[in-house]
Amino acid sequence: MLDIQALRNDLDSVAKRLASRGYDLNTAELKELEAERKEVQGKKEYLQSQRNSKSKEIGQAKAKGDEKLVAEIMAEVAEFGDELKQLEVADAIVQGKLKEFLSVIPNMPHASVPEGKSEADNVEVRKVGTPTKFEFDVKDHVSIGEGLGGLDFETATKIAGARFSLLKGPLARLHRALAQFMLDTHTDKHGYTETYVPYLVNAESMRGTGQLPKFEDDLFRVPRAKFEMKEGAAERALQGEIYQRGSFEAKEENFYLIPTAEVPVTNMVRDEIVSLEKLPMKFVAHTPCFRSEAGSYGRDTRGMIRQHQFDKVELVQIVHPEKSYEGLEELLGHAETILKKLGLPYRVVKLCTGDMGFSAAMTYDIEVWLPAQNTYREISSCSNFESFQARRMQARFRNAQGKPELLHTLNGSGLAVGRTLVAVLENYQQADGSVIVPEVLRPYMGGMEKISK
RNA sequence: GGAGAGGUGGCAGAGUGGUCGAAUGUACCUGACUCGAAAUCAGGCGUAGCGUUUACGCUACCGUGGGUUCGAAUCCCACCCUCUCCGCCA
């Protein structure tokens, strides 16, 4: 969420910066809502203040026992009682509209983010390693995995459906080895605290990190039946009536499957005021991620690239506002370390304004080399959200003056485990269909050096 | 799942319809005393929004949402959460 003050004081320049990422801010509507809010709120608060002072007078009159005066003042209050009720309703409505309006506005890009419309305008920052060369015809990870008997999409489809996968034997172990290796590296070498978090979260958490209200279609929703007593049912019961069928109505309260560990981990600080000395906070979590992939029919349908369920090791930093860009570079480096240790060629790109996610102020993607596709594919995305998520979450710290101030939040994949597995299979494949196990993973594979049939 | 207790400021903890945004303690800040510190004494000390924007004024907030009332932390209803006991359980 953006700072409402910035929108009030400097609407045009906010609109301009948002336009650079392809978002057309409806300034006319905002101005209208603001004008209405100002008027309604002003009137409402004035009448509330009248009511409060009159009510106090009633109290004082009663204390003196002056019943006549009491009646007089009550008559005065009665005069504007209805108007006040109406204003309170009107105020709630306009405040709600304003909140809704604000909650779907994306973050403003950092000044250094290159302008652009799409993926094509992203800027390559660096290339590390050189694309793997082969003396034979390369196979993609599907052929390799199926050839080894460890990757089985047919059975996964039978069990669940399209866009699920099933790993067996050494490949399943390799998948686990990757996650373990990443976790160990980030905790032992990079100073992150390992966390184990809920995979189902409430709507409030999804709102906090920005997935809701705008991107509900990308999520898997898990409704849970809840029942609330209908209006008046409780009162009737108190009068001796037995609860009737229909006294309760179903209320929808959903859980959501996390699309990334960013959601539960970042929300740890929601509605918290952390002390200055606790910063920076650095957390790592290995979780499954669930995405409905709505609107991506036909894209990456083959293989493990785009799945409804995949594992990811996620890095999250909660930092002082002045340190967030430093933090982003550091976090990016931590993610890169994994690829370097695995010996996988990759490149880092800085996303342009038009390709960034809703909540991000700046994003680096790391793309790994996939020989079978003869291209680099995204394997990590590292972003600085500045105070955008913190404002939604009311995540604050006490500054040097002792005043609460919004934190900055960062996160990045370190890395997506499924795609890393794909990259290892493809880059370490051999002519005979076997796959060499990268050295850093061997301790996690019981010393296995090669996976063959 | 059944029975009971409870959710108040950073923390602890009063408050059961009328100067209560909330006693008191503690933590924290300032000043006095001191060579300095501790102790002691005096004062200050919540968050958010709005209006003038320096001083100030108003409004909201006592788990959440409704209701009763001129007036609700306090009464009523629902929900959420925590704790204790019993049952069940990976």
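Note on naming: letters A, B, ... go to the chains in the order of the sequence lines (proteins, then strands), and numbering restarts at 1 for each one. Computed over heavy atoms, backbone and side chain alike; hydrogens, waters and symmetry mates excluded.
If you check every strand for non-hydrogen atoms under 4.0 Å, A:K62 touches a base. Backbone-only contact: A:K38 has heavy atoms under 4.0 Å from sugar-phosphate atoms and none from a base. Among the protein residues, A:Q5 comes within range of the sugar-phosphate backbone only, with heavy atoms under 4.0 Å from sugar or phosphate atoms but none that close to a base. Among the protein residues, A:K43 comes within range of no part of the nucleic acid, since none of its heavy atoms lies under 4.0 Å from any strand.
Taking atom C1' on both B:rA23 and B:rG13, the two are 10 Å apart, rounded to the nearest angstrom. Nucleotides B:rG31 and B:rC45 have their C1' atoms positioned 15 Å apart, rounded to a whole Å. As rounded to the nearest Å, B:rU24 and B:rG43 have P atoms that lie 11 Å from one another. Rounded to the nearest Å, the gap between the P atom of B:rG6 and that of B:rG44 is 35 Å. Between B:rU30 and B:rU82, the distance separating the two P atoms is 40 Å to the nearest Å. Rounded to a whole angstrom, the distance from the P atom of B:rU64 to that of B:rG9 is 10 Å. Separation of the C1' atoms belonging to B:rG21 and B:rC85 is 38 Å when rounded to the nearest angstrom. Here, B:rA3 and B:rU74 have their C1' atoms 27 Å apart, quoted to the whole Å.
B:rU47 and B:rA60 make up a base pair, with Watson-Crick or G-U wobble contacts both under 3.5 Å. As the counterpart of B:rC85, B:rG2 is assigned, both hydrogen-bonding distances of the Watson-Crick or G-U wobble pattern falling under 3.5 Å. Pairing partner, B:rA32: B:rU40, with both Watson-Crick or wobble hydrogen-bond distances short of 3.5 Å. Across all strands shown, B:rC11 forms a Watson-Crick or G-U wobble pair with B:rG25, both key distances being under 3.5 Å. With a cut-off of 3.5 Å on both Watson-Crick or G-U wobble distances, the partner of B:rU68 is given as none.
Atom CG of A:L47 is separated from atom C1' of B:rG71 by 16 Å (rounded to the nearest Å). Rounded to whole Å, the distance from CZ on A:R398 to P on B:rG10 is 7 Å. One interatomic measurement links the two molecules: CD of A:E405 to P of B:rA48, which rounds to 11 Å at whole-angstrom precision. Atom CD of A:E67 is separated from atom C1' of B:rC70 by 13 Å (rounded to the nearest Å). Between the CD atom of A:E34 and the C1' atom of B:rG49 there is a distance of 11 Å, rounded to whole Å. Atom CD of A:Q60 and atom C1' of B:rG18 are 9 Å apart (whole Å). Per the geometry, CD belonging to A:Q394 stands 8 Å off P belonging to B:rG49, to the nearest Å. Regarding A:E88, its CD atom lies at a distance of 10 Å from the P atom of B:rA72, rounded to whole Å.
Of the N and O atoms on the side chains of A:S387 and A:R391, at least one donor lies less than 3.5 Å from an acceptor on the other residue. Between the side chains of A:K312 and A:T260, at least one donor N or O sits under 3.5 Å from an acceptor N or O. For the residue pair A:S165/A:Q307, the side-chain donor-acceptor check at 3.5 Å is satisfied. Remark: the A:N384 side chain and the A:S324 side chain contain an N/O donor-acceptor pair separated by less than 3.5 Å.
Proximity note for A:Q41 (side chain, C-beta onward) versus B:rG10, B:rG49, B:rU59: the nearest is B:rG49. Nearest to the side chain of A:E45, among B:rC58, B:rC70, B:rU47, sits B:rC58. Of the candidates B:rG51, B:rC70, B:rU47, the closest approach to any side-chain atom of A:M74 belongs to B:rC70.
If you find the closest nucleotide of RNA chain B to A:Q95 and to A:I58, the one lying nearer the 5' end belongs to A:Q95. The residue among A:A78 and A:K403 whose nearest nucleotide of RNA chain B lies closer to the 5′ end is A:K403.
Between B:rU59 and A:N52, a contact under 4.0 Å exists linking OP1 or OP2 to a side-chain N or O. Phosphate proximity of B:rG10 to A:R396: absent, as no side-chain N or O sits under 4.0 Å from OP1 or OP2.
Residue side chain A:K56 does not reach the base of B:rG18 through any donor-acceptor N/O pair under 3.5 Å, judged by distance alone.
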Evaluate ring pair (Phe, Tyr, Trp, His ring centres under 6.0 Å) for A:F164 paired with A:F153, printing each intermediate quantity in order. CA-CA 7 Å; A:F164 285 93; A:F153 290 105; over 10 Å; no
May I have the step-by-step check of ring pair (Phe, Tyr, Trp, His ring centres under 6.0 Å) for A:H408 and A:Y325, ending in yes or no? CA-CA 10 Å; A:H408 278 195; A:Y325 281 94; 7.6 Å; no
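A salt bridge links A:E204 with A:R207: the distance from a Lys NZ or Arg NE/NH1/NH2 to an Asp or Glu carboxylate oxygen falls below 4.0 Å.
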